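Notes to accompany the following structure.
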There are 4 protein chains.
Amino acid sequence: MATREKTGGLIRIRRSRTRRILPAEVRVGDLMSAAAELFIAKGIEATTVNDIVERAGVGKGTFYHYFETKEDVIVALRERFSRDFTDQVAQAVASCPADDHRARFAAWLRGTVQAYIANYKLHDVVFHEFRPGNRNVKDKEIVLAQLGELLAAGAAAGAWKLSDTRAAAIVIFDGMHGMVDDAIAGEPRDAEQICRRLSELFGRMLLI
Amino acid sequence: MATREKTGGLIRIRRSRTRRILPAEVRVGDLMSAAAELFIAKGIEATTVNDIVERAGVGKGTFYHYFETKEDVIVALRERFSRDFTDQVAQAVASCPADDHRARFAAWLRGTVQAYIANYKLHDVVFHEFRPGNRNVKDKEIVLAQLGELLAAGAAAGAWKLSDTRAAAIVIFDGMHGMVDDAIAGEPRDAEQICRRLSELFGRMLLI
Amino acid sequence: MATREKTGGLIRIRRSRTRRILPAEVRVGDLMSAAAELFIAKGIEATTVNDIVERAGVGKGTFYHYFETKEDVIVALRERFSRDFTDQVAQAVASCPADDHRARFAAWLRGTVQAYIANYKLHDVVFHEFRPGNRNVKDKEIVLAQLGELLAAGAAAGAWKLSDTRAAAIVIFDGMHGMVDDAIAGEPRDAEQICRRLSELFGRMLLI
Amino acid sequence: MATREKTGGLIRIRRSRTRRILPAEVRVGDLMSAAAELFIAKGIEATTVNDIVERAGVGKGTFYHYFETKEDVIVALRERFSRDFTDQVAQAVASCPADDHRARFAAWLRGTVQAYIANYKLHDVVFHEFRPGNRNVKDKEIVLAQLGELLAAGAAAGAWKLSDTRAAAIVIFDGMHGMVDDAIAGEPRDAEQICRRLSELFGRMLLI
DNA sequence: CATGAATGAGCCTTCATTCAT
DNA sequence: GATGAATGAAGGCTCATTCAT
């Protein structure tokens, strides 16, 4: 690593000859975390690879040892985010009896709201600030599928009625998104409050 | 100061590509349109100011005569978009009798869906690809207010029931957004079809 | 004239259709004064022609009506400065009896110090920040000639002794310059004090 | 992010002009020397960073690896100049017996004149063409201090008389400057001749 | 005479990526 | 594996100057 300091118009470069060798997972993790923090703080475009390696405490070459391009970190971050997100929600849902569909839906809602509140900053940056061409459909699709299944199961079991599962899933998911964004932007409400409001609206919508 | 240095004794004649003077509005309009087209086609970052002026058929200085930075076009574009959007929807709603709230809501929904379908490309680029810090809250707020009023009026007149106008407005607006995005990404559905699906869901939600 | 104000990312240009017609001298004078003030405040390079015309309250074309290039103002400013400077000093000297050489030298010294103190800012900017190739020799030469004559006359009349008029003139002029600069940079001394110190040194140097 | 866009299916091979890695000092030295030569030849403003790196034989990025801005080279150059200048003169003075004050003064004068004659071009460019705000006082102060000490020591030892050390130092230094400038601008005189003339004047001034 | 919209060459700077060590 | 010096294409922006009105 190297520190740069200015002395009379000239950047003096101070080499510190530490070269630590760590397991690959740790390196990758450090790099991704550093990137995430910086992306959140400054935005993706304003964050340079230099910033990332500096914060991660590794040399620049190391970055390119683990990632092929800067975009790769974003993709990796997105994947990690999606995985964590769905896992977390799936776990919450799974903790309910398989046949208590209303409880499962409630668990989905609470889990989703909580996960989103906890991570919306990274979510925003990683999903909105970067264009992968396909309008980010891929990742959203997974979440919608998860919710769709839940809704379909409930409908099949007579827990609620709905004629178009996908449409309902979309409205529920994006509606929930909007509510959380609104809460974040305005006076902070807790997850419970948001869930109550959404439950009422969605409950009627599903004819629960 | 850039003194006109004789480049090796060779005087470079500049073909004066007949400089045309146009009203400011036209110039600004041309520039904004050129920018919009390019932003949609290549993304904001990939579009250079050079691209824009070339497409608009003006010199680069002209761009900076009307805009202070590249970002400024985006802001201007966003404002124009929001203005046009709300105007269009407001007009559709206004064409319904003031006391026919269901018709007014239907008009709002159809108007919004149509306007969004017609312009989602610019919308995406201008609202998602660029970070103005305040999470774009301002512009969305205007739209939400418009819808909120409509909903409140209907509720007051007994056309429907709802306990939290803002929550409903958010879910409706973002739900509609999601549906249109989905339609755009997948097999294209026409506006009518989307409206029907949404009407059903929102109708139940509002206890119409 | 035109004012520019920002409204939503777009520079709105407000035309004020006043077109005043003034005598050429006034125009040129306004322009030169505006330029001088700005050069002093921001430096020559940082001052744009736009700045100048804005402060002078005229259109940009007007500038190029009276000056061929931006450099021309500097040259004009320098000429005006030199003329004023020598005139002022000459006048002070002329107020002494033609045969009282010591008084004439004292008058020259006091006049020069005063003139320089009063205008050093413009002097600095106009004589040091701009390279006319010949190391500004021309203008200094006039001043040196003026002083040289005075010294030679005094020597011829036996008021003092000196073997090399030009060398003495240079040392006296640049020495005086240095003293005034020093006074300006440090705690402010009045002209009298500076003159006393210089008189002592120069008096000995000339074997007065 | 500047994604490596395929330019119409054509992959641009970059001839890797064998990138050589050199010690930082060498690189910085090359860059500074190149800059100095160009500044002297064309003036600071007319010299572009491109010019500098081209002459130094490095990539443009290398420049910004070592300097933060173009101005930084000027500052660095100025510091190097001042350091070298004072060192050189100090060395000349130190070669005289500590108690032979007249010899020391003579050595100072000759050393200063020689050093200035040898480097006046860079001096001019770097000290006059660039405004660091504080009127370059800092660097001159060092030189004046050096001379002031010498003068004070001589006065204390009775080698000469002077009532105001600083005033004398200023007049001597700036007088010497003026003489050398004059010699440079007119017919070239050698250092010895200049020193002789100055010695006579200064000798009388100090009542040696 | 006066104006200011229009121009474009050219500058400084950034930063993702490479590769010699 | 790890490093960071080196690179250079590319972009945003400035500003002196012109000229149609």
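From a predicted model like this one, the values you see are computed outputs, not experimental measurements. Proteins get letters first, then strands, A, B, ... in listed order; numbering begins at 1 in each.
- Residue D:His65 places at least one side-chain N or O closer than 4.0 Å to OP1 or OP2 of F:dA5.
- Rounded to whole Å, the distance from CG on D:Asp72 to P on E:dC12 is 13 Å.
- Atom CZ of A:Phe63 is separated from atom C1' of E:dA16 by 9 Å (rounded to the nearest Å).
- In this model, the phosphate group of F:dG11 is not approached by any side-chain N or O of B:Thr48 to a distance below 4.0 Å at OP1 or OP2.
- Counting only Watson-Crick or G-U wobble pairs whose defining distances are both under 3.5 Å, the stems of 3 or more consecutive pairs in DNA chain E are E:2-21 with F:2-21.
- Defined by atom type and a distance below 3.5 Å, a donor-acceptor pair is present between the side-chain atoms of D:Thr48 and D:Asp51.
- At whole-Å resolution of the value, OH in C:Tyr66 and C1' in F:dA16 are 20 Å apart.
- A straight line from CG of C:Asn50 to P of E:dT3 spans 13 Å, rounded to a whole angstrom.
- At E:dA2, none of the side-chain N or O atoms of C:Thr62 fall inside 4.0 Å of OP1 or OP2 (strictly under the cut-off).
- Phosphate contact (OP1/OP2 of E:dA6, side-chain N/O of B:Arg27, threshold under 4.0 Å): present.
- Each of D:Gly59 and B:Glu68 was matched to the nucleotide of DNA chain F holding its nearest heavy atom; the match closer to the 5' end belongs to D:Gly59.
- By the salt bridge (Lys or Arg N to Asp or Glu O under 4.0 Å) test, C:Glu37 is found to be paired with C:Arg55, residues two or more places apart in sequence or in another chain being considered.
- The distance from atom CD of A:Glu45 to atom C1' of F:dG12 is 12 Å, rounded to the nearest whole Å.
- Look at NZ on A:Lys42: it is 8 Å from P on E:dC15, rounded to the nearest Å.
- For the OP1/OP2 pair of E:dG4 and a distance below 4.0 Å, the side-chain nitrogens and oxygens of C:Lys60 include no atom meeting the criterion.
- Listed by first then second residue, pairs satisfying ring-ring contact (aromatic ring centres under 6.0 Å, His included) with a partner in residues 41-64 of chain C read C:Phe63-C:Phe67, not counting sequence neighbours.
- In this structure, C:Gly61 and B:Val49 both approach DNA chain F, and ranking their closest nucleotides by distance from the 5' end singles out B:Val49.
- Atom P of nucleotide E:dA2 and atom CZ of C:Phe67 are separated by 13 Å, given to the nearest angstrom.
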